[in-house]
Amino acid sequence: MRLTQGQFSFLPDLTDGEITMQVQYALDQGWAVAVEFTRDPHPRNTYWTMWGNPMFDLRDAKGVMMEIDACRTANPDQYVKVLAFDSSEGFETVRMSYLVNRPADEPGFELVRAEGPGRRVDYTVRSHATARPEARHGA
Amino acid sequence: MNHIAGKPTIDLKARYAAGVLKYRQMGYWEPDYEPKDTDVLAVFRITPQDGVEPEEAAAAVAGESSTATWTVVWTDRLTNCEKYRAKAYRVDPVPGTPGQWFAYIAYELDLFEEGSIANLTASIIGNVFGFKPLKALRLEDMRIPVAYLKTFQGPATGIVVERERLNNFGRPLLGATMKPKLGLSGRSYGRVVYEALKGGLDFTKDDENINSQPFMHWRDRFLYCMEGVNRAMAETGEIKGTYLNVTAATMEDMYERAEFAKELGSVIVMIDLVIGYTAIQSMAKWARRNDMILHLHRAGHSTYTRQKSHGVSFRVIAKWMRMAGVDHIHAGTVVGKLEGDPNVIRGIYDTCRETHVPQNLQHGIFFDQPWAGLKKVMPVASGGIHAGQMHQLLTYLGEDVVLQFGGGTIGHPDGIQAGATANRVALEVMVKARNEGRDIWNEGPEILRDAARWCQPLRAALDTWKDVTFDYASTDSVDFVPTPTAA
């Protein structure tokens, strides 16, 4: 499967030049860029592992790209995303989120159905990734 | 009146003699009045009957929407009636429209029950709209004071929390209304939901008149829709939703349907404007208690928002709905099949999304409106839009909006998934280009054509709908145009 979270997952994977332009856009808005990674991209896995704090004081896209590269190099088989945080009034939240790395083999999810009375079904989306021993911690 | 410092003393005995006085003589016209920060302000477009002066017509509107009746009543003297009288304080001719005036009226805060749209509207758009001395009357805009706003819950969820719950940032959301809107069985209907979500949409939507008809009862619809939603989530890794319309005959029925939607794991429910203001506020409170997004379809509004001479402007409805507590509201597309002048739409979108809306006559905004921390409403653009207009939609409507392509998804020649994919690719490529600093207004068609080289569904969509536009003059436009000045 191809995970389609994030702003640009329906496009061909972004090149480094394209990632740099998106980083520059975030910096131009005054947003802080952050990098996070995980093996378990369950849609409700909110807290991916932070590659350090958001880079509040780094205003140079090249510097941000070095952090993105370092995270990708250290975690080549994991999902890596870039986030942009906006601290301005009325937002105070994430304004951008896009993937910059994905594992060569994306394990995907299983839809588990628990059948109940009255044709009712309780659904659980289960990550295949968390079934793998190496993903149980640090995911 | 006689006990207010600085006001001329009047002969109260003469003022309250039985009989009929002009409204301006009864105290409803006060050109020197300075509105207080706590006053509710309204501006009406008035069209007086022939021979009725605009000041008298404005005073009559103030009177009939607050304390007055047609004749003098001595019981006024039992109250602090000066406080409760609404005061018409300004009348301006409508630019370029003889026979019409904008009448500004101030209402004392204590005229209104806290947190009640029903009470507010019973005064402001109550009897006064049928008043004979006026040929026509339109409520153009209101300023709700912070003191009154703070008595309202506001949106159950709001844009920020909705995006955090959906894990969806940095681009407009994508939706589609299921078609045909009536007649599908539950099983077939769920198929459309699944295909559209799997293909790349974030949301699918019931239409306003899908409730619980013989061809598809509501429980069946909910069960099949949630099968489609959950399968699409598992296959894409994205949070998906479908607006389950819980509109029904009674509050008890609506609560029952909303509870079932929640139990099935839906992130969102939907109501129609026709259920009424009180029912909308009840559902907003339910949605806040139950962590649900509340979508409002504005069914019925065009009966009173569209004609400029009489009715209620939609920017006022949008304001009331933000106070009432909905999270989504259909607010126009500019380029689609439904009414929408770009400046009017801009004023409505600002009303939904900004924390403070400054006066802007060119956008139809007559007053500064601070929103006092009420959450933001996500506007929804729906009706006759397609992937080929993506650069225009993003330019006009911005990022915090749900773009809904019903026919533009389901009518795709290669199927529903292809239709959804075409829209998603068009959207992502346009956001990416905008962020890269490209001039999407002018380069948009080229950006789409370039993407269509590698995306067959987008190519087919552009070929199918390439020249479809709905280029008619708007009936609801603004009255103020920018005039170039030297300073």
Side-chain angles (χ1 to χ4, degrees), chain A residues 1-12 14 17-18 20-26 28-29 31 40-46 79 81-86 88-98 106-113 116 118-128, chain B residues 158-161 163-171 199-200 219-220 222-224 226-227 229-240 260 263-265 353-356 371 373 375-376 399-400 420-429 431-438 451 454-455 458:
Chain A
M1 65 93 69
R2 179 180 170 85
L3 186 77
T4 49
Q5 294 174 13
Q7 286 168 277
F8 306 123
S9 284
F10 271 71
L11 308 182
L14 302 186
E18 290 171 320
T20 307
M21 281 193 273
Q22 296 300 321
V23 169
Q24 189 61 51
Y25 175 76
D28 289 346
Q29 312 301 311
W31 301 338
D40 173 22
H42 187 282
R44 290 197 165 94
N45 178 11
T46 307
Y79 291 96
K81 69 181 169 188
V82 174
L83 301 166
F85 287 94
D86 178 4
S88 65
E89 187 197 353
F91 290 97
E92 296 156 286
T93 185
V94 177
R95 296 298 296 276
M96 297 179 76
S97 172
Y98 51 94
E106 300 190 58
F109 309 91
E110 180 190 6
L111 183 62
V112 182
R113 294 179 179 81
R119 294 173 50 244
R120 178 158 155 185
V121 178
D122 284 333
Y123 297 95
T124 300
V125 173
R126 203 180 60 77
S127 288
H128 289 307
Chain B
I159 291 177
V160 168
V161 177
R163 283 194 175 281
E164 291 188 347
R165 281 192 203 160
L166 298 175
N167 187 32
N168 195 322
F169 307 99
R171 63 166 174 83
R219 291 180 69 94
D220 237 19
F222 287 17
L223 287 164
Y224 281 115
M226 291 315 295
E227 170 72 19
V229 166
N230 283 289
R231 245 197 92 193
M233 279 186 32
E235 291 177 0
T236 63
E238 297 179 89
I239 307 275
K240 303 284 187 182
F260 192 55
E263 287 169 16
L264 295 178
R353 297 191 299 202
E354 297 297 319
T355 52
H356 181 272
W371 274 100
K375 292 173 187 291
K376 303 186 284 191
E399 206 165 275
D400 281 330
T421 302
N423 288 318
R424 179 77 175 265
V425 168
L427 177 68
E428 292 193 357
V429 80
V431 170
K432 176 169 171 284
R434 180 200 64 179
N435 295 0
E436 288 171 351
R438 295 185 66 180
W454 55 265
C455 179
L458 180 56

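Chain identifiers are assigned alphabetically (A, B, ...) following the order of the sequence lines, protein sequences preceding nucleic acid strands; residue numbering begins at 1 within each chain. For the numbers below, each heavy atom of this structure counts, side chains included, while hydrogens, waters and symmetry mates do not.
Looking at A:Met1, the atoms closer than 4.5 Å to chain B (heavy atoms on both sides) all sit in the side chain, from C-beta outward. When heavy atoms are compared at a cutoff of 4.5 Å, B:Trp371 does not approach chain A at all. Looking at B:Thr236, the atoms closer than 4.5 Å to chain A (heavy atoms on both sides) sit in the backbone and in the side chain alike. For a residue to count as touching a neighbouring chain, one of its non-hydrogen atoms must lie under 4.5 Å from one of that chain's; by this rule A:Leu14 touches chain B with the side chain only. For B:Asn168, no part lies near chain A; criterion is any non-hydrogen pair under 4.5 Å. Residue B:Glu263 touches chain A through both its backbone and its side chain, counting heavy-atom pairs closer than 4.5 Å. In this structure, the portions of B:Lys432 lying under 4.5 Å from any heavy atom of chain A include both its backbone and its side chain. Heavy atoms closer than 4.5 Å to chain B are found in both the backbone and the side chain of A:Gln7. Both the backbone and the side chain of B:Asn230 come within contact range of chain A, with heavy atoms under 4.5 Å apart.
Under a 4.0 Å N-O distance rule, the pair B:Arg231/B:Glu227 does not qualify as a salt bridge. Electrostatic pairing of B:Glu238 and B:Arg424 counts as a salt bridge here, judged by a charged N lying under 4.0 Å from a carboxylate O.
In this structure a side-chain-to-backbone donor-acceptor pair under 3.5 Å is present from A:Gln5 to A:Pro41. With A:Ser97 contributing its side chain and A:Gly6 its backbone, the two residues share no donor-acceptor pair below 3.5 Å.
Ranked by heavy-atom pairs under 4.5 Å with chain B, the first of A:His42, A:Arg44, A:Arg126 is A:Arg44.
Remark: A:Arg2 fails to qualify as a cation-pi partner of A:Phe10 under the 6.0 Å distance and 45° angle criteria applied to the six-membered ring.
Residues forming a side chain to side chain contact (heavy atoms under 4.5 Å, CB included) with A:Ser88 (at least two apart in sequence, or on another chain): A:Asp86, A:Phe91.
Scanning both residues, B:Ala234 and A:Leu111, for their nearest heavy atoms gives CB-CB, 3.9 Å.
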